Amino acid sequence: MGRPSKFSQALAERICARIADRESLRSICRDEDMPSKSTVLSWLADEDKAAFRARYALAREIMADSFVDEMVEIADNSSDDWIEKKNASGETTGWQENGEAIRRSQLRIATRQWVAERLRPKKYGAKVEPDHGVTGEVSQLMEAVNGKTRGLPNGG
């Protein structure tokens, strides 16, 4: 059986549901039971498929909101921030900051921030106000995250 190329409402709903669940179109279209990416893009450009285009846009907005929720979860999860420090004989001598895990969390947050700002720029993009500088939900979240990490033991 080949890849589907004929538009159907059921297939369009499956694609949109997976996008809303934070899966990329590229990943979805890798599945053999899904249309190719170029097919989906042609459906999105088709004037007769405005309902699909609107549903797809909504799914992308939901994706952005999910990424922002994940940013908060990542920032709140400190389970890997500290690791046991051991001496040469393997005895625990204390705790040390797990810089690799913290940097990975920062990267995960920054990536989600970048995507959310592009998917929903009016909601999550930085807004410049004449007398107040840059404001916006994501920038405020990042300030809160940075403030939280400064309060960690040993200068975190």
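A quick note: this is a predicted structure, and the numbers were derived from the prediction, not measured. Atom set for the values below is all heavy atoms of this structure, side chains included, hydrogens, waters and symmetry mates excluded.
L25 and F67 fall within the same hydrophobic cluster, where Ile, Leu, Val, Met, Phe, Trp and Tyr residues are linked whenever their side-chain heavy atoms come under 4.5 Å apart, directly or through other members. Linking Ile, Leu, Val, Met, Phe, Trp and Tyr whenever their side-chain heavy atoms come within less than 4.5 Å leaves L58 and L44 in two separate clusters.
Ionic pairing of E70 and R108 is not present here: no N-O contact between side-chain nitrogen and carboxylate oxygen is shorter than 4.0 angstrom.
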Next on the checklist: What verdict does the side chain to side chain contact (heavy atoms under 4.5 Å, CB included) test give for W82 and E97, after you've listed the backbone C-alpha separation in whole Å, the side-chain angles of each residue and the deciding distance to 0.1 Å?
Outcome noted: CA-CA 5 Å; W82 296 93; E97 184 179 85; 3.8 Å; yes
Item to check | Verdict with supporting geometry, R103 and L107, side chain to side chain contact (heavy atoms under 4.5 Å, CB included) | outcome: CA-CA 6 Å; R103 284 188 302 278; L107 175 62; over 6 Å; no
Checklist entry - Can you check side chain to side chain contact (heavy atoms under 4.5 Å, CB included) on V68 and K123, steps first, answer last? => result CA-CA 11 Å; V68 171; K123 185 170 185 179; over 6 Å; no
Checklist entry - How far apart are the C-alpha atoms of I102 and D81, what are their side-chain angles, what is the distance that settles it, and do they pass the side chain to side chain contact (heavy atoms under 4.5 Å, CB included) test? => result CA-CA 6 Å; I102 291 170; D81 289 355; 3.7 Å; yes
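In this structure, the separation between CZ on R55 and CD on Q9 is 9.0 Å, given to the nearest 0.5 Å. Atom CE of M34 is separated from atom CZ of R18 by 4.5 Å, given to the nearest 0.5 angstrom. Note that OH of Y124 is 9.5 Å distant from CD of E61, once rounded to the nearest 0.5 Å. Interatomic distance, CD1 of I74 versus CD1 of I109, reported as 5.5 Å (0.5 Å rounding). A distance of 10.0 Å separates CG in L119 from CD1 in I19, rounded to the nearest 0.5 Å.
Between E84 and T92, the shortest heavy-atom distance links the atoms OE1-OG1, 2.7 Å. Nearest heavy atom pair, residue A59 against residue C16, reads CB-O, 3.3 Å. I15 approaches I28 most closely through the heavy-atom pair O-CD1, 3.8 Å. Residues R3 and S36 come closest through the heavy atom pair NH1-N, 3.9 Å. Nearest heavy atoms, S66 versus A20: OG-O, 4.0 Å. In this structure, R53 and E47 approach most closely via the heavy-atom pair NH2-OE1, 3.9 Å.
Surrounding CZ of R104 are at most 12 heavy atoms belonging to other residues, nucleotides or ligands under 6.0 Å away.
Proximity of Q96 to I83: side-chain heavy atoms (C-beta onward) are separated by under 4.5 Å at one or more points. Taking the side chain as every heavy atom from C-beta outward, N77 and S105 never approach each other to under 4.5 Å.
The side chain to side chain contact (heavy atoms under 4.5 Å, CB included) test applied to K49 returns F7, W43, D46, F52, not counting sequence neighbours.
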